[in-house]
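Remember, predicted model here, so these are calculated numbers, not experimental data.
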Amino acid sequence: MEIKGEYFSKRDMETWMRNILNVKMAVTLSSYCSMFSVLSSTIKHRHTHNHTPIRCSRTPSNPNSNLNRQKNGAWQKNPLELSSKDERSTGGNMVLASYKPSKKDKDFWMMEDLLKEAESSAIQDSGFLNAVVKVYCTSAAPDYSLPWQKQRQYTTTARQDFEYLNCRIVKVKKRGDDSKYVAKVLARASGCDLALLSVESEEFWRDVKPLKFGRLPHLQDSVTVVGYPLGGDTISVTKGVVSRVEVSSYTHGFTDLLTIQIDAAINPGNSGGPVFNDRGKCIGVAFQGISSEDAENIGYVIPTTVVSHFLTDYEKNGKYTGFPCLGVLAQKLENPALRACLKIKSNEGVLVRGVEPTSGANNVLKEGDVIVSFDDVRVGCEGTVPFRSNERIGFRYLISQKFAGDTAELGIVRAGTSMKVKVILNAQVHLVPFHIDEGQPSYLIIAGLVFTPLSEPLIEEEHEEIGLKLLAKARYSFPKFKGEQIVILSQVIKFNGVQIKNIQHFAHLIDSCKEKYMCFEFEDSYTVVLEREDVIATTITLLDDYGIRSERSPDLREPYVDSLEVEGGQPADQEFGDSPVSNNEVGHDGLFWT
């Protein structure tokens, strides 16, 4: 099919270019428009396989433009766009027809090059790039083996949650600015891998325009990732599309929240950088990726729904309180025989297999209950709920929309009887914390013995020295009451016959001891006895010899408060559980924590 062009005025060309890019461009179009005063070449389009001619069409945007003049009652065709009728489906994928322009079509290619140049210039000059800053963190992580001191100081620009936990100095630098401005960390959210910074300098905020949040993207939506990854010092921009939107695990926080999967590269240093849609609105924050021989270009984005939850949490409480959880180990009910046995008539619900002792559901739900709804939203037999149009998402998504202290109404079936119950949702309490929020672990030195609470960073640092029984307890045990800790030398269980609740309680027992002997009972029935007077004298000498400022961390100098008495409850009898404490450790696809 032959397509003949017509005269394009300079004004028409500029109008057309702006409509295509949908942005105000400051490129020098005027110097190029003279090249395209006449487009008179003939282009023949042929399909790759059957040589069927391709029709080209364009919807007019400005009826007064020369570009949109009618000829013989029909709009003039544009060779840059293809009609939907010219697409051929092959194996579920769309194949567009190809064409071979002649030498006379150099103007066509020059126009295409101009479009690419104008698009690149538009991204370069976009205002949203100026709202992205480079963050410099000077950090010193604790030495968990010697908890009274820190490791060697280091500086990084990769924004990761554990760096904000240990950072001593934070500075930010704007794009195109040589100055670094001191920032203050207002809140750290280890659960969702976010941090909130503030800058007091008025000069920093000059000419800075805030970003706008966009809606949750759909599959195949275009995205642009901006950051400062490895490989250079200046700002980096990569593009991709949305591949998946679902609830998945946050590596640093060990939580399950909504995530956006994209095919744009997210490298070290990209973490914390904003991700934009094609309208220049922020749709999330880049935070992790998959590095594997079996996977390529898989990156994950924290959506703005999670970011907004974090900001609202800080605004309401003046700190980050965390995402709540139901505290229930649930089993999917995909087996029809199992549903029939539980007297579940419809294809819905999840079976309660366990309840955390410190959760709000502990005295409300029972093992064997079937949860069929959450705030009147029906829960499917796979543990999913409706999400947008024609989509389903993990049950955990509804819980994550709540805040700590909120109440949820659950529809349950107990022994064949349907009922409604209300549960107060709270942040999950871990017997072995994944992060030390205060930045420095607690410790207590008694003579030559150093006691400290067990934590995941300590396990990572000293995993070869920690026994399997202690690791099993860390992975398969829940706290019996809020504030319980595992205090280890290896693991001290009792002091002078009293069961130790946590390291604060242990320090209180030491300070209150008036007896001649101090008796420490460890796991595996191992006992150590020291004379109290010798302990006091030896501790002072050791502190002086090794240059240690204090025999205890600052938090242990505070008056002891029994958390169990404050809560007004009784500890559970469970010593070891049968199920792991997080979804990362669950080895069965049919089980999940909510």
Side-chain angles (χ1 to χ4, degrees), residues 191 247 255-258 309 313 316 321-335 338-387 392-430 478-482 564 566-574 577-579 581-583 586 590-594:
V247 173
T255 53
D256 297 302
L257 299 171
L258 189 67
H309 188 286
D313 187 7
K316 290 173 58 177
T321 62
F323 284 79
C325 70
L326 189 58
V328 170
L329 178 65
Q331 179 182 341
K332 299 176 182 179
L333 291 182
E334 300 173 279
N335 187 341
L338 178 58
R339 292 197 301 270
C341 179
L342 296 170
K343 301 180 181 179
I344 306 299
K345 299 179 180 179
S346 56
N347 185 24
E348 63 183 4
V350 292
L351 176 63
V352 176
R353 295 299 307 273
V355 183
E356 293 182 24
T358 58
S359 72
N362 186 39
N363 297 320
V364 179
L365 297 178
K366 298 180 179 180
E367 186 174 347
D369 289 346
V370 177
I371 302 174
V372 295
S373 69
F374 183 94
D375 282 344
D376 293 327
V377 178
R378 308 303 293 182
V379 178
C381 65
E382 291 185 335
T384 60
V385 293
F387 179 67
R392 296 190 70 84
I393 200 167
F395 171 38
R396 168 70 180 156
Y397 170 71
L398 295 181
I399 303 173
S400 68
Q401 302 303 296
K402 299 278 191 174
F403 291 89
D406 287 353
T407 300
E409 185 178 70
L410 303 180
I412 67 171
V413 176
R414 178 176 295 169
T417 302
S418 299
M419 62 182 68
K420 296 278 189 178
V421 296
K422 291 186 176 181
V423 176
I424 298 177
L425 304 175
N426 295 308
Q428 187 174 13
V429 179
H430 297 282
F478 292 100
K480 305 179 186 69
F481 54 89
K482 188 175 181 179
L564 188 59
V566 172
E567 295 292 329
Q570 294 295 326
D573 294 330
Q574 179 188 12
D578 297 324
S579 303
V581 298
S582 71
N583 285 329
V586 173
L591 296 174
F592 60 95
W593 282 103
T594 61

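Here the closest heavy-atom approach between residue L338 and residue Q331 is recorded as CD2-NE2, 3.8 Å. When all heavy atoms of V421 and L365 are compared, the closest pair comes out as CG2-CD2, 4.1 Å. Between C325 and A427, the closest heavy-atom pair is SG-C, 4.4 Å. Contact between L425 and A408 at its shortest, heavy atoms only, is CD1-CB, 4.0 Å. Nearest heavy atoms, V328 versus A361: CG2-CB, 4.2 Å. The shortest heavy-atom contact between K402 and P324 is O-CD, 3.3 Å.
Note: K480 NZ to T358 OG1 = 12.0 Å, rounded to the nearest 0.5 Å. With rounding to the nearest 0.5 angstrom, the NE2 atom of H309 is 8.5 Å from the CG atom of L257. Expressed to the nearest 0.5 Å, how far CG of N362 lies from CD1 of I424 amounts to 13.0 Å. The CZ atom of R396 sits 10.0 Å away from atom CD of Q401, with the distance rounded to the nearest 0.5 Å. Considering CD1 of I412 and NZ of K366, their distance stands at 9.0 Å, rounded to 0.5 Å. Here the CG-CG distance, from L326 to L410, works out to 5.5 Å after rounding to the nearest 0.5 Å.
When side chains are defined from C-beta on, I399 counts as touching F374, because their heavy atoms get closer than 4.5 Å. In this structure, R378 and S373 have side chains that are in contact, with non-hydrogen atoms separated by less than 4.5 Å. With contacts defined as side-chain heavy-atom distances shorter than 4.5 Å, the pair D375/L398 does not qualify. Within the 4.5 Å cutoff, no side-chain heavy atoms of V364 are placed close to those of V355. At a threshold of 4.5 Å between non-hydrogen side-chain atoms, the residues H430 and P479 do not count as touching. Annotation: side chain of E367 is not in contact with side chain of L329 (no heavy-atom distance under 4.5 Å). The closest side-chain heavy-atom distance from V413 to S418 is below 4.5 Å.
The neighbour count for K420 NZ, taken as heavy atoms of other residues, nucleotides or ligands under 6.0 Å away, is above 12. No more than 12 heavy atoms of other residues, nucleotides or ligands shown are found within 6.0 angstrom of CZ on R353.
With hydrogens and angles disregarded, a donor-acceptor distance shorter than 3.5 Å links the side chain of D313 to the backbone of T321. A donor-acceptor contact shorter than 3.5 Å is absent between the side chain of N347 and the backbone of C381. R339 places a side-chain N or O within 3.5 Å of a backbone atom of L333 that can act as its donor or acceptor partner.
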